[in-house]
Amino acid sequence: MILLFCGLSGAGKTTLAKSVAAELTSLGIKIEIIDGDEYRAALCRDLGFSKEDRNENIRRLGFVASRFSAQGIVTIVSAINPYDDVRQELAEKYDHVSIIHVDCPVNKLISRDTKGLYKRALLPDGHPDKLPNLTGINDRFDVPVKPGLYIDTCNYTIQQSTSSLLYYIINNLHPVKQTNKIPSYS
Ligand SMILES: Nc1ncnc2c1ncn2[C@@H]1O[C@H](COP(=O)(O)OS(=O)(=O)O)[C@@H](OP(=O)(O)O)[C@H]1O
Ligand SMILES: Nc1ncnc2c1ncn2[C@@H]1O[C@H](COP(=O)(O)OP(=O)(O)O)[C@@H](O)[C@H]1O
């Protein structure tokens with residue numbers, strides 16, 4: 001199963017991916033997190049934040065996710081994933097894809113601003129430190145119309161958000177397809 005997170009920077013994607021991973025691991029369920037920030041530092045170093053580059057980023061993460069998922073590993077793609085077209089593309093291309101909207105109003109994110117990105121995006125035009133293309137400020141985010149799960153991280157605690165995600169995963173687990181029979185030597 002592939003959980004395709006989408007949500008603005010600071011909405012809680014990484015926090016929830018890690019907390020649900022800890023819960024699943026304690027239940028003996030295998031989980032892999034494919035984190036946008038980490039993969040941008042490794043597999044996707046050539047990509048920026050244009051629409052084309054973001055979609056290419058998501059396609060690469062989706063491909064890697066499909067390999068883990070095919071082995072029966074619950075796989076979270078934790079990225080902003082702002083565009084509906086590429087989300088739908090992956091949902092059609094791979095089995096058992098769920099879109100999970102991790103949501104928080106932008107005003108709250110501006111006050112959280114854990115990485116200082118919002119402050120930089122809100123600088124006046126022409127300022128040398130201004131960050132262009134920050135999703136939710138000066139770049140588009142397509143709100144998913146019918147996500148598999150909606151998580152409101154503004155009005156619910158980390159524990160409550162983790163529980164709703166855990167419940168969703170457990171209720172949607174798929175058994176791994178066995179293509180080869182185990183040989184019998186008796
Ligand atoms: N302009 C701009 N817009 C959005 N994000 C920016 C930008 N510049 C840098 N960052 C940092 O990159 C992280 C987002 O990478 P993603 O791979 O998740 O983005 S995307 O899905 O391809 O849109 C994002 O990580 P998160 O904060 O964890 O979401 C930021 O740390
Ligand atoms: N319900 C919640 N779920 C997730 N994070 C929350 C929640 N409430 C507050 N937070 C805080 O919001 C911040 C989210 O940061 P992070 O997980 O790095 O976001 P993202 O990966 O989406 O950029 C963290 O500081 C976290 O403690």
Side-chain angles (χ1 to χ4, degrees), residues 2-23 32-65 75-91 97 99-123 125 127-144 147 149-169:
I2 301 175
L3 298 145
L4 216 50
F5 279 16
C6 62
L8 303 181
S9 176
K13 303 179 299 292
T14 306
T15 304
L16 293 179
K18 286 183 176 166
S19 61
V20 86
E23 300 272 0
E32 178 71 22
I33 300 170
I34 297 176
D35 184 84
D37 253 352
E38 273 180 30
Y39 274 71
R40 276 181 176 275
L43 188 68
C44 304
R45 290 179 67 171
D46 54 318
L47 302 176
F49 291 93
S50 64
K51 181 172 192 288
E52 202 176 45
D53 279 9
R54 288 180 195 258
N55 280 0
E56 172 61 20
N57 183 41
I58 297 302
R59 284 189 189 103
R60 290 184 197 175
L61 304 192
F63 174 80
V64 176
T75 308
I76 296 178
V77 177
S78 176
I80 294 176
N81 201 348
Y83 301 119
D84 199 49
D85 55 0
V86 79
R87 290 179 207 142
Q88 293 310 323
E89 184 183 309
L90 296 196
V97 174
I99 294 169
I100 311 292
H101 185 191
V102 181
D103 191 28
C104 184
V106 79
N107 284 345
K108 177 81 176 178
L109 297 176
I110 290 168
S111 66
R112 278 185 192 164
D113 209 2
T114 44
K115 296 179 181 168
L117 298 176
Y118 290 95
K119 189 175 171 213
R120 286 186 52 209
L122 290 165
L123 288 169
D125 286 344
H127 192 288
D129 296 331
K130 187 174 173 80
L131 182 68
N133 303 108
L134 182 63
T135 313
I137 300 292
N138 42 17
D139 215 0
R140 195 177 103 203
F141 180 82
D142 298 340
V143 174
L149 180 68
Y150 173 81
I151 303 177
D152 172 358
T153 67
C154 180
N155 293 304
Y156 292 90
T157 64
I158 295 174
Q159 191 49 54
Q160 289 168 323
S161 304
T162 304
S163 296
S164 90
L165 184 56
L166 183 64
Y167 184 82
Y168 179 85
I169 292 170

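Positions are given from 1 along the sequence. Each ligand, and each atom within it, is numbered from 1 in the order the structure gives. Reckoned from all heavy atoms, side chains included, excluding hydrogens, waters and symmetry mates.
The N/O atoms of T157, backbone and side chain alike, include one that comes under 3.5 Å of an N/O atom in ligand 2. Of the polar atoms of T114, none of the N or O atoms is found under 3.5 Å from an N or O of ligand 2, judged by distance alone. Checking only distances, D152 never comes within under 3.5 Å of ligand 2, N or O to N or O. Residue L16 has no N or O atom closer than 3.5 Å to an N or O atom of ligand 2.
Within the listing of ligand 2, atoms 23 (O) sit less than 4.0 angstrom from a heavy atom of S9. For ligand 2, the atoms closer than 4.0 angstrom to any heavy atom of L8 are 22 (O). The ligand atoms of ligand 2 that sit less than 4.0 angstrom from a heavy atom of R112 are 7 (C), 8 (N), 9 (C), 10 (N), 12 (O). Near I58, meaning under 4.0 Å from any of its heavy atoms, are these atoms of ligand 1: 21 (O). Contact atoms of ligand 1 toward S9: 26 (P), 27 (O), 29 (O) (distance under 4.0 Å to a heavy atom of the residue).
Atom 14 (C) of ligand 2 has its nearest heavy-atom neighbour, among G10, S78, G36, in G10. Of the listed residues (E38, R40, K13, R60), the one carrying the non-hydrogen atom nearest atom 15 (O) of ligand 1 is R40. In this structure, of L117, N57, T14, D37, the residue bringing a heavy atom nearest to atom 20 (S) of ligand 1 is N57. Counting heavy atoms only, F49 comes closest to atom 12 (O) of ligand 1 of the residues Y83, F49, F141.
For atom 26 (P) of ligand 1, the nearest non-hydrogen atom of the protein is K115 NZ, 3.2 Å. The nearest protein atom to atom 4 (C) of ligand 1, hydrogens excluded, is given as I80 CD1, 3.5 Å; this is a heavy-atom distance. Of all protein heavy atoms, the one closest to atom 21 (O) of ligand 1 is N81 N, 2.8 Å. Of the protein's non-hydrogen atoms, the one nearest atom 2 (C) of ligand 1 is N133 O, 3.3 Å. Scanning the protein for heavy atoms near atom 23 (O) of ligand 1, the closest one is R54 NH1, 2.7 Å.
A donor atom on one side chain and an acceptor atom on the other are found under 3.5 Å apart for Y150 and D103.
Under a 4.0 Å N-O distance rule, the pair D84/R87 qualifies as a salt bridge.
Residue contacts with ligand 1 for P132 involve N, CA, C or O but no side-chain atom from C-beta outward (heavy atoms, distance under 4.0 Å).
Note: D35 CG to R40 CZ = 11.0 Å, rounded to the nearest 0.5 Å. Here I33 contributes atom CD1 and K18 contributes atom NZ; the two are 7.0 Å apart, rounded to the nearest 0.5 Å. To the nearest 0.5 Å, atoms CD1 (I151) and OH (Y156) are separated by 12.0 Å. Between the CD1 atom of I110 and the CG atom of L122 there is a distance of 5.0 Å, given to the nearest 0.5 Å.
Geometric assessment of R112 against the ring of Y118 yields a negative cation-pi assignment under the 6.0 Å and 45° thresholds.
Partner D113 forms a side chain to side chain contact (heavy atoms under 4.5 Å, CB included) with one of K119, R120, K108 and no other, that one being K119.
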